[in-house]
Protein chains: 2
Amino acid sequence: MKEKDTQKIFTEYLAKQNLRMTSQRELILKTLCRQKKHVTAEQLYEQLKKTDKSIGHATVYRTLKLLTEAGIARELNFGEGSIRYEPDTDNTHHDHLVCVQCGENVEFFDEDIEKLQQAVAEKYGYELMDHSMNLYGTCSKCRGKAD
Amino acid sequence: MKEKDTQKIFTEYLAKQNLRMTSQRELILKTLCRQKKHVTAEQLYEQLKKTDKSIGHATVYRTLKLLTEAGIARELNFGEGSIRYEPDTDNTHHDHLVCVQCGENVEFFDEDIEKLQQAVAEKYGYELMDHSMNLYGTCSKCRGKAD
DNA sequence: TTATATGCAAATTATTTGCAGCGCA
DNA sequence: TGCGCTGCAAATAATTTGCATATAA
(Lines give C-alpha, C1' and ligand atoms only; values in the text may rest on other atoms or scores of the structure.)
Protein backbone atom coordinates (compact mmCIF):
# COMPACT_ATOMS: atom_id res chain seq x y z
CA MET A 1 0.00 0.00 0.00
CA LYS A 2 1.27 3.44 -1.01
CA GLU A 3 1.88 6.26 1.43
CA LYS A 4 -0.64 9.01 1.13
CA ASP A 5 0.45 12.40 -0.09
CA THR A 6 -1.11 13.88 2.98
CA GLN A 7 -0.37 17.44 2.00
CA LYS A 8 -2.27 17.02 -1.23
CA ILE A 9 -5.16 15.17 0.36
CA PHE A 10 -5.52 17.83 3.00
CA THR A 11 -5.44 20.67 0.49
CA GLU A 12 -8.08 18.97 -1.60
CA TYR A 13 -10.21 18.28 1.43
CA LEU A 14 -9.99 21.91 2.45
CA ALA A 15 -10.82 23.16 -1.04
CA LYS A 16 -13.93 21.02 -1.11
CA GLN A 17 -15.14 22.79 2.03
CA ASN A 18 -14.17 26.23 0.77
CA LEU A 19 -11.36 26.28 3.29
CA ARG A 20 -7.77 27.24 2.66
CA MET A 21 -4.39 25.73 3.18
CA THR A 22 -2.33 27.98 5.42
CA SER A 23 1.18 27.93 6.75
CA GLN A 24 -0.07 26.93 10.19
CA ARG A 25 -2.11 24.04 8.88
CA GLU A 26 0.82 22.91 6.80
CA LEU A 27 3.15 23.02 9.78
CA ILE A 28 0.73 21.16 12.03
CA LEU A 29 0.31 18.41 9.45
CA LYS A 30 4.04 18.05 8.90
CA THR A 31 4.74 18.00 12.60
CA LEU A 32 2.05 15.43 13.30
CA CYS A 33 3.38 13.15 10.56
CA ARG A 34 6.87 13.31 12.03
CA GLN A 35 5.74 11.96 15.42
CA LYS A 36 7.05 8.63 16.58
CA LYS A 37 4.48 8.34 19.36
CA HIS A 38 0.85 9.25 19.65
CA VAL A 39 0.63 12.81 20.89
CA THR A 40 -1.96 14.85 22.70
CA ALA A 41 -2.98 18.22 21.31
CA GLU A 42 -1.05 19.84 24.11
CA GLN A 43 2.14 17.90 23.38
CA LEU A 44 1.89 18.77 19.72
CA TYR A 45 1.31 22.41 20.62
CA GLU A 46 4.49 22.44 22.71
CA GLN A 47 6.49 21.10 19.78
CA LEU A 48 4.92 23.49 17.31
CA LYS A 49 5.83 26.41 19.55
CA LYS A 50 9.49 25.69 18.90
CA THR A 51 9.01 26.31 15.19
CA ASP A 52 6.32 28.97 15.36
CA LYS A 53 6.31 30.88 18.61
CA SER A 54 3.07 32.64 17.80
CA ILE A 55 0.91 29.61 17.15
CA GLY A 56 -2.16 29.30 19.35
CA HIS A 57 -3.87 26.43 21.10
CA ALA A 58 -7.09 27.00 19.21
CA THR A 59 -5.41 26.61 15.85
CA VAL A 60 -3.91 23.31 16.89
CA TYR A 61 -7.20 21.95 18.18
CA ARG A 62 -9.10 23.22 15.15
CA THR A 63 -6.59 21.78 12.71
CA LEU A 64 -6.46 18.40 14.39
CA LYS A 65 -10.22 18.24 14.03
CA LEU A 66 -9.94 19.06 10.34
CA LEU A 67 -7.21 16.47 9.82
CA THR A 68 -9.38 13.88 11.48
CA GLU A 69 -12.34 14.74 9.27
CA ALA A 70 -10.07 14.56 6.24
CA GLY A 71 -9.02 11.05 7.23
CA ILE A 72 -5.39 12.04 7.69
CA ALA A 73 -5.31 11.83 11.48
CA ARG A 74 -6.92 9.39 13.85
CA GLU A 75 -8.08 10.11 17.37
CA LEU A 76 -7.04 7.61 20.02
CA ASN A 77 -8.68 7.42 23.36
CA PHE A 78 -6.77 5.39 25.89
CA GLY A 79 -8.93 6.65 28.71
CA GLU A 80 -6.36 9.12 29.94
CA GLY A 81 -8.65 12.11 29.89
CA SER A 82 -7.17 13.60 26.77
CA ILE A 83 -7.25 12.51 23.17
CA ARG A 84 -4.11 11.34 21.41
CA TYR A 85 -3.55 11.66 17.70
CA GLU A 86 -1.69 9.60 15.18
CA PRO A 87 -1.17 10.32 11.51
CA ASP A 88 -3.03 7.89 9.30
CA THR A 89 -0.59 8.09 6.46
CA ASP A 90 -0.88 4.76 4.75
CA ASN A 91 -4.54 3.89 4.94
CA THR A 92 -3.63 1.05 7.24
CA HIS A 93 -6.18 0.79 9.95
CA HIS A 94 -4.85 -0.78 13.10
CA ASP A 95 -5.67 -1.14 16.76
CA HIS A 96 -3.54 -0.76 19.86
CA LEU A 97 -2.08 -2.94 22.54
CA VAL A 98 -1.01 -0.70 25.40
CA CYS A 99 1.15 -1.43 28.43
CA VAL A 100 -0.66 -0.12 31.49
CA GLN A 101 2.62 0.34 33.32
CA CYS A 102 4.99 2.08 30.91
CA GLY A 103 2.56 3.22 28.25
CA GLU A 104 4.52 1.54 25.47
CA ASN A 105 2.23 0.31 22.79
CA VAL A 106 2.08 -1.89 19.77
CA GLU A 107 -0.02 -1.31 16.70
CA PHE A 108 -1.60 -4.42 15.32
CA PHE A 109 -4.10 -5.47 12.75
CA ASP A 110 -5.98 -8.74 12.96
CA GLU A 111 -8.07 -9.55 9.97
CA ASP A 112 -10.00 -12.28 11.75
CA ILE A 113 -11.06 -9.93 14.50
CA GLU A 114 -12.15 -7.36 11.95
CA LYS A 115 -14.29 -9.94 10.18
CA LEU A 116 -15.90 -11.03 13.42
CA GLN A 117 -16.64 -7.42 14.35
CA GLN A 118 -18.37 -7.03 11.02
CA ALA A 119 -20.36 -10.18 11.70
CA VAL A 120 -21.43 -8.95 15.13
CA ALA A 121 -22.67 -5.68 13.68
CA GLU A 122 -24.64 -7.47 10.99
CA LYS A 123 -26.14 -9.84 13.50
CA TYR A 124 -27.73 -6.89 15.30
CA GLY A 125 -28.76 -5.08 12.14
CA TYR A 126 -26.11 -2.40 12.41
CA GLU A 127 -24.08 -1.06 9.53
CA LEU A 128 -20.56 -0.94 10.91
CA MET A 129 -18.74 2.33 10.29
CA ASP A 130 -15.86 2.35 12.68
CA HIS A 131 -14.59 0.84 15.85
CA SER A 132 -12.12 1.41 18.61
CA MET A 133 -10.32 -1.47 20.21
CA ASN A 134 -7.60 -1.12 22.79
CA LEU A 135 -6.02 -4.03 24.58
CA TYR A 136 -4.49 -3.26 27.96
CA GLY A 137 -1.86 -5.38 29.62
CA THR A 138 1.71 -5.43 30.80
CA CYS A 139 4.60 -5.71 28.41
CA SER A 140 7.33 -8.27 28.97
CA LYS A 141 9.82 -5.57 29.96
CA CYS A 142 7.58 -4.32 32.78
CA ARG A 143 6.76 -7.82 33.96
CA GLY A 144 10.48 -8.47 34.27
CA LYS A 145 10.86 -5.79 36.89
CA ALA A 146 10.01 -6.34 40.55
CA ASP A 147 6.67 -4.76 41.41
CA MET B 1 -23.82 -17.30 36.27
CA LYS B 2 -24.98 -15.96 39.64
CA GLU B 3 -25.72 -12.32 40.29
CA LYS B 4 -23.22 -10.70 42.56
CA ASP B 5 -24.29 -9.53 45.97
CA THR B 6 -22.85 -6.15 45.14
CA GLN B 7 -23.60 -4.66 48.51
CA LYS B 8 -21.61 -7.35 50.23
CA ILE B 9 -18.75 -7.24 47.75
CA PHE B 10 -18.50 -3.49 48.13
CA THR B 11 -18.54 -3.61 51.90
CA GLU B 12 -15.81 -6.23 51.90
CA TYR B 13 -13.76 -4.27 49.41
CA LEU B 14 -14.07 -1.17 51.56
CA ALA B 15 -13.13 -3.03 54.73
CA LYS B 16 -10.00 -4.36 53.09
CA GLN B 17 -8.91 -0.77 52.40
CA ASN B 18 -9.87 0.42 55.86
CA LEU B 19 -12.74 2.32 54.35
CA ARG B 20 -16.33 2.37 55.53
CA MET B 21 -19.73 1.69 54.12
CA THR B 22 -21.88 4.79 54.44
CA SER B 23 -25.43 5.66 53.56
CA GLN B 24 -24.27 7.70 50.57
CA ARG B 25 -22.17 4.89 49.17
CA GLU B 26 -25.00 2.48 49.64
CA LEU B 27 -27.43 4.77 47.86
CA ILE B 28 -25.05 5.36 44.96
CA LEU B 29 -24.50 1.65 44.48
CA LYS B 30 -28.23 0.89 44.61
CA THR B 31 -29.04 3.68 42.20
CA LEU B 32 -26.34 2.64 39.74
CA CYS B 33 -27.55 -0.95 39.76
CA ARG B 34 -31.08 0.17 38.97
CA GLN B 35 -30.05 1.95 35.75
CA LYS B 36 -31.36 0.68 32.45
CA LYS B 37 -28.88 2.71 30.40
CA HIS B 38 -25.27 3.63 30.89
CA VAL B 39 -25.12 6.86 32.86
CA THR B 40 -22.61 9.63 33.25
CA ALA B 41 -21.58 10.75 36.72
CA GLU B 42 -23.63 13.88 36.19
CA GLN B 43 -26.76 11.97 35.20
CA LEU B 44 -26.41 9.72 38.21
CA TYR B 45 -25.90 12.76 40.42
CA GLU B 46 -29.15 14.28 39.14
CA GLN B 47 -31.04 11.12 40.02
CA LEU B 48 -29.42 10.78 43.41
CA LYS B 49 -30.44 14.34 44.23
CA LYS B 50 -34.06 13.27 44.15
CA THR B 51 -33.49 10.83 46.99
CA ASP B 52 -30.84 12.73 48.89
CA LYS B 53 -30.95 16.45 48.29
CA SER B 54 -27.71 17.06 50.14
CA ILE B 55 -25.49 14.69 48.18
CA GLY B 56 -22.49 16.31 46.51
CA HIS B 57 -20.79 15.86 43.16
CA ALA B 58 -17.54 14.88 44.77
CA THR B 59 -19.10 12.00 46.65
CA VAL B 60 -20.60 10.62 43.46
CA TYR B 61 -17.32 10.85 41.55
CA ARG B 62 -15.35 9.40 44.44
CA THR B 63 -17.76 6.54 44.94
CA LEU B 64 -17.90 5.66 41.25
CA LYS B 65 -14.15 5.39 41.33
CA LEU B 66 -14.30 3.06 44.32
CA LEU B 67 -16.99 0.94 42.70
CA THR B 68 -14.84 0.62 39.61
CA GLU B 69 -11.84 -0.44 41.66
CA ALA B 70 -14.02 -2.95 43.48
CA GLY B 71 -15.06 -4.46 40.15
CA ILE B 72 -18.71 -3.58 40.66
CA ALA B 73 -18.89 -0.82 38.06
CA ARG B 74 -17.32 -0.52 34.66
CA GLU B 75 -16.26 2.69 32.94
CA LEU B 76 -17.35 3.09 29.35
CA ASN B 77 -15.79 5.60 27.06
CA PHE B 78 -17.73 6.20 23.89
CA GLY B 79 -15.65 9.24 23.04
CA GLU B 80 -18.30 11.68 24.17
CA GLY B 81 -16.08 13.63 26.50
CA SER B 82 -17.49 12.11 29.65
CA ILE B 83 -17.31 8.66 31.11
CA ARG B 84 -20.36 6.46 31.34
CA TYR B 85 -20.83 3.80 33.97
CA GLU B 86 -22.58 0.48 34.02
CA PRO B 87 -23.02 -1.88 36.92
CA ASP B 88 -21.06 -5.09 36.46
CA THR B 89 -23.45 -7.21 38.46
CA ASP B 90 -23.10 -10.63 36.98
CA ASN B 91 -19.44 -10.96 36.11
CA THR B 92 -20.40 -11.02 32.47
CA HIS B 93 -17.92 -9.03 30.52
CA HIS B 94 -19.28 -7.64 27.30
CA ASP B 95 -18.50 -5.04 24.69
CA HIS B 96 -20.68 -2.45 23.00
CA LEU B 97 -22.12 -1.79 19.59
CA VAL B 98 -23.27 1.83 19.49
CA CYS B 99 -25.44 3.65 16.99
CA VAL B 100 -23.70 6.88 16.06
CA GLN B 101 -27.00 8.53 15.23
CA CYS B 102 -29.37 7.72 18.08
CA GLY B 103 -26.94 6.43 20.68
CA GLU B 104 -28.84 3.20 21.15
CA ASN B 105 -26.50 0.38 21.93
CA VAL B 106 -26.27 -3.35 22.15
CA GLU B 107 -24.14 -5.30 24.58
CA PHE B 108 -22.48 -8.31 23.05
CA PHE B 109 -19.94 -10.92 23.89
CA ASP B 110 -18.02 -12.79 21.24
CA GLU B 111 -15.88 -15.58 22.53
CA ASP B 112 -13.91 -15.91 19.31
CA ILE B 113 -12.93 -12.25 19.38
CA GLU B 114 -11.87 -12.59 23.00
CA LYS B 115 -9.65 -15.53 22.14
CA LEU B 116 -8.06 -13.69 19.25
CA GLN B 117 -7.39 -10.68 21.46
CA GLN B 118 -5.66 -12.96 23.90
CA ALA B 119 -3.61 -14.40 21.06
CA VAL B 120 -2.58 -10.95 19.84
CA ALA B 121 -1.40 -9.97 23.30
CA GLU B 122 0.63 -13.15 23.65
CA LYS B 123 2.17 -12.68 20.24
CA TYR B 124 3.65 -9.39 21.40
CA GLY B 125 4.68 -10.65 24.82
CA TYR B 126 1.97 -8.80 26.68
CA GLU B 127 -0.07 -10.19 29.54
CA LEU B 128 -3.59 -9.12 28.70
CA MET B 129 -5.46 -7.56 31.59
CA ASP B 130 -8.36 -5.73 30.07
CA HIS B 131 -9.64 -4.28 26.86
CA SER B 132 -12.14 -1.83 25.53
CA MET B 133 -13.89 -2.48 22.28
CA ASN B 134 -16.65 -0.32 20.88
CA LEU B 135 -18.18 -0.84 17.47
CA TYR B 136 -19.78 2.24 15.92
CA GLY B 137 -22.37 2.11 13.20
CA THR B 138 -25.95 2.92 12.38
CA CYS B 139 -28.82 0.84 13.68
CA SER B 140 -31.51 -0.39 11.31
CA LYS B 141 -34.04 2.05 12.74
CA CYS B 142 -31.85 5.04 11.93
CA ARG B 143 -30.98 3.75 8.47
CA GLY B 144 -34.69 3.51 7.74
CA LYS B 145 -35.12 7.24 8.16
CA ALA B 146 -34.26 9.70 5.41
CA ASP B 147 -31.02 11.51 6.14
C1' DT C 1 -12.42 8.73 70.36
C1' DT C 2 -10.46 9.25 66.09
C1' DA C 3 -9.76 8.28 61.48
C1' DT C 4 -12.53 8.42 57.59
C1' DA C 5 -16.38 10.58 54.82
C1' DT C 6 -19.00 14.39 53.22
C1' DG C 7 -20.47 18.75 50.99
C1' DC C 8 -19.01 22.83 49.34
C1' DA C 9 -16.41 25.75 46.63
C1' DA C 10 -12.36 26.60 44.41
C1' DA C 11 -8.92 24.54 41.37
C1' DT C 12 -7.55 21.81 37.36
C1' DT C 13 -7.52 19.95 32.85
C1' DA C 14 -8.99 19.53 28.22
C1' DT C 15 -11.27 21.72 24.86
C1' DT C 16 -14.31 25.24 22.60
C1' DT C 17 -15.91 29.70 21.37
C1' DG C 18 -16.24 34.86 20.51
C1' DC C 19 -14.05 38.35 18.49
C1' DA C 20 -11.02 41.89 16.43
C1' DG C 21 -7.58 42.06 13.27
C1' DC C 22 -4.79 39.79 9.46
C1' DG C 23 -3.99 37.95 4.95
C1' DC C 24 -4.76 35.07 0.98
C1' DA C 25 -7.60 34.38 -3.35
C1' DT D 1 -12.11 43.48 -1.05
C1' DG D 2 -14.28 40.01 1.17
C1' DC D 3 -14.29 35.66 3.59
C1' DG D 4 -11.79 32.64 5.89
C1' DC D 5 -7.98 32.26 9.41
C1' DT D 6 -5.45 33.36 13.52
C1' DG D 7 -4.21 34.30 18.30
C1' DC D 8 -5.94 35.64 22.44
C1' DA D 9 -8.65 35.39 26.27
C1' DA D 10 -12.74 34.14 28.20
C1' DA D 11 -16.11 30.37 28.49
C1' DT D 12 -17.33 25.46 29.09
C1' DA D 13 -17.38 20.87 30.68
C1' DA D 14 -15.80 17.13 33.33
C1' DT D 15 -13.49 15.96 37.12
C1' DT D 16 -10.46 16.63 41.22
C1' DT D 17 -8.90 18.63 45.43
C1' DG D 18 -8.64 21.31 49.95
C1' DC D 19 -10.84 21.97 53.94
C1' DA D 20 -13.94 22.42 57.90
C1' DT D 21 -17.41 19.69 59.70
C1' DA D 22 -19.99 15.43 60.40
C1' DT D 23 -20.05 10.57 61.36
C1' DA D 24 -19.19 5.50 61.58
C1' DA D 25 -16.75 1.97 64.23
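Every chain is numbered from 1 and lettered A, B, ... according to where its sequence line falls, protein lines coming before strand lines. Source: prediction; values computed, not measured.
Between A:Y85 and A:H38, the distance separating the two ring centers is not shorter than 6.0 angstrom.
Closest approach of A:R143 and B:G125 over heavy atoms only: NH1-O, 3.1 Å.
Using bins of under 30°, 30° to 60° and over 60° for the plane-to-plane angle, the ring pair B:H94/B:H96 lands in the perpendicular bin.
Rounded to whole Å, the distance from CZ on A:R25 to P on C:dG23 is 16 Å. For the pair B:L27 CG and C:dT6 C1', the interatomic distance rounds to 14 Å; values are reported in whole Å. Per the geometry, CD belonging to A:Q24 stands 5 Å off P belonging to D:dT6, to the nearest Å. The separation between A:D52 atom CG and D:dC5 atom P is 17 Å, rounded to whole Å. Rounded to an integer number of Å, the gap from A:N18 CG to C:dA25 P is 13 Å. For the pair B:Y45 OH and C:dA9 P, the computed distance is 10 Å after rounding to whole Å. Here C:dA14 presents its C1' atom at 13 Å from CG of A:L64, a figure rounded to the nearest Å. For B:F10 and C:dA5, the CZ to C1' distance is 12 Å, given to the nearest whole Å.
Applying the 4.0 Å criterion to OP1 and OP2 of C:dT4, one finds that B:Q17 has every side-chain N and O outside that range.
The residues A:K37 and A:E86 are annotated as not salt-bridged, no charged nitrogen and carboxylate oxygen being separated by less than 4.0 angstrom. Between B:E75 and B:R84 there is no salt bridge, since no side-chain nitrogen of the basic residue lies less than 4.0 Å from a carboxylate oxygen of the acidic one.
The distance from atom CG of A:D5 to atom OG1 of A:T89, rounded to the nearest 0.5 Å, is 11.5 Å.
In terms of hydrophobic clustering, with Ile, Leu, Val, Met, Phe, Trp and Tyr side chains grouped at heavy-atom distances under 4.5 Å, B:F78 and B:L135 are assigned to different clusters. Linking ILVMFWY side-chain heavy atoms closer than 4.5 Å, directly or via other members, places B:L44 and B:L27 in a single hydrophobic cluster.
Between the two ends of the helix from C:dT1-D:dA25 to C:dA25-D:dT1, each summarised by a five-pair axis, the helix axis turns through 30° (rounded to 10 degrees).
Under the side chain to side chain contact (heavy atoms under 4.5 Å, CB included) criterion, A:H93 pairs with A:R74, A:D95, A:F109, A:E114, A:H131, sequence neighbours left out.
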Which parts of nucleotides 13-25 of chain D does protein reach within less than 4.0 Å, heavy atoms only, written one letter per nucleotide 5' to 3' as B for base, S for sugar-phosphate only and - for none? -SBBBB-----B-
